[in-house]
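Presented below is the structure to which this report refers.
All values below were derived from every heavy atom in this structure, side-chain atoms included, with hydrogens, water molecules and symmetry-related copies excluded. Naming convention: chains lettered A, B, ... in sequence-line order (proteins, then strands); numbering from 1 in each chain. What you see is a predicted model, and the numbers here were worked out from it, not measured in a lab.
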Amino acid sequence: MKTILLIEDYADNARLVMRTLKPYDYHVLHAVDGETGLLMAVEKKPDMILLDLGLPDVEGQTLISLIRNVPGLEQVPVIAVTAWPSDTARQMIKAYGCDGYISKPISPKAFPSQIAAYFDPENEE
Amino acid sequence: MTPPAPAIAPPADDTPAIDLVPASQFTIEELVAAYNQTRVDYIVPMPMNTARLREYVRNYDIDLDRSFVVRAGDQILGLAMLGVRPGHTWVTRLGIIPTQRRCGAGQMLMEQLIAQSRRLKVSYVTLDVIQNNKPAHRLFSKLGFHEIRELMVIRRPPATPPDDVTIPPCYTVQNLSHRQAAALLGQRQSVPSWLTENRSLVNAGNLAALRVELESGGRGWLVYQKTIFQLGRLVLQTEVGDPHQVCLALIHALHTHNPALDTKSENLPVQDPHWPAMQELGYLESFRRIEMRLDLS
């Protein structure tokens, strides 16, 4: 079973992600801020990190830089979940070494296949 | 002494009266919760935790006795804060929770903060509104604020400077301490916004500076804040020579010595002559704000 670490401070958004992914074969961990998220990432070594870029303690971009410096997390897919306009989001994720982004608010219908595609890009529809 | 807050008539018979309460009557935790609720649907939500809000209040001289929470009965609808410094004030953190917008609460808060500023006999009030936040911009314009300039929030991911940029050859660098950095700010020529005023920088602490001299005779300095995870609060000044060349040397030196740190700096004017060189060395525009001002005298 793949483990996904969701770093998201807003409880409603976190609930929606977890509810949407519940029927699928994922183990979803949730961290409410950047510091907790970094500690959980170090300890649990998730298979994917879903990252809200606007966190209350450390900004998402800074957190990506920190995650990438942790041995064992250099290659873990980090997907930004953000309401940024698409041009800005694309520019930021490229610059900061994110593997992709999903626009907020997430679409519960499309979200599971978006996640699956990041795990297995060759099978993306 | 804070004057009594006004109450306005309720919008319907069965809804409680809306009133304003000084923010100092709430805990930091309550203010954080209210503020975060007002921002949940923002494109740039900028949420805070208690440590960040405490730091914000200290760094930007927020007067919580002159900042207000708007409330209907027990329900918080929104809030706005006022920074107070000699001669001027600054409106910040204005927000109304999404379900309570368009009922006049934002205007009520703004009018109260303007009234507070008038009582302080300051010359003007400023604020920064995120570009494309049209409802807020409309409200501020209606209250008499006018646009001053556009400001950028910029970032640079951690990395050594790129090899394909031509850096001025043989520049010399001097690293300066917090105390020396604070002294350099006294020579500053650029016009700061509230966030970048010398007082904000000194309050924030952890300042350092670089001074460079180019073979061509150009020279300048850079004051910045360095924390464990981030560089920020960049203030650049060219004393002699071409700002582009001086900036290339300053930024090159900064990131050569700090290759592992992310960088974020707020409120660089779009017309700043150093910006093109910063872009060459990997800086990106994150978003823009519009600085607005209301003259009171």
Please state whether the rings of A:Trp84 and B:Phe287 are parallel, tilted or perpendicular, taking 30° and 60° as the class boundaries.
-> tilted

Heavy-atom distance under 4.5 Å to chain A: side chain of B:Arg155, backbone, both or neither?
-> both

Structural part of B:Glu285 lying under 4.5 Å from a heavy atom of chain A | backbone

Bottom line for B:Thr263: the part with an atom under 4.5 Å from chain A's heavy atoms is backbone

Polar contact flag, side-chain donor to acceptor under 3.5 angstrom, B:Gln225-B:Arg233 = yes

Using non-hydrogen atoms and a 4.5 Å limit, figure out which bit of A:Thr62 sits close to chain B: side chain, backbone, both or neither.
-> both

Is the ring centre of B:Tyr56 less than 6.0 Å from the ring centre of B:Tyr35?
-> no

Salt bridge between B:Arg52 and A:Asp33, side-chain N to carboxylate O under 4.0 Å?
-> no

Where does A:Leu66 contact chain B at under 4.5 Å (heavy atoms): side chain, backbone, both or neither?
-> side chain

Tell me, side chain or backbone of A:Asp57 under 4.5 Å from chain B's heavy atoms, or both, or neither?
-> both

Plane angle bin for B:His255 and B:Tyr283 - parallel if under 30°, tilted between 30 and 60°, otherwise perpendicular = tilted

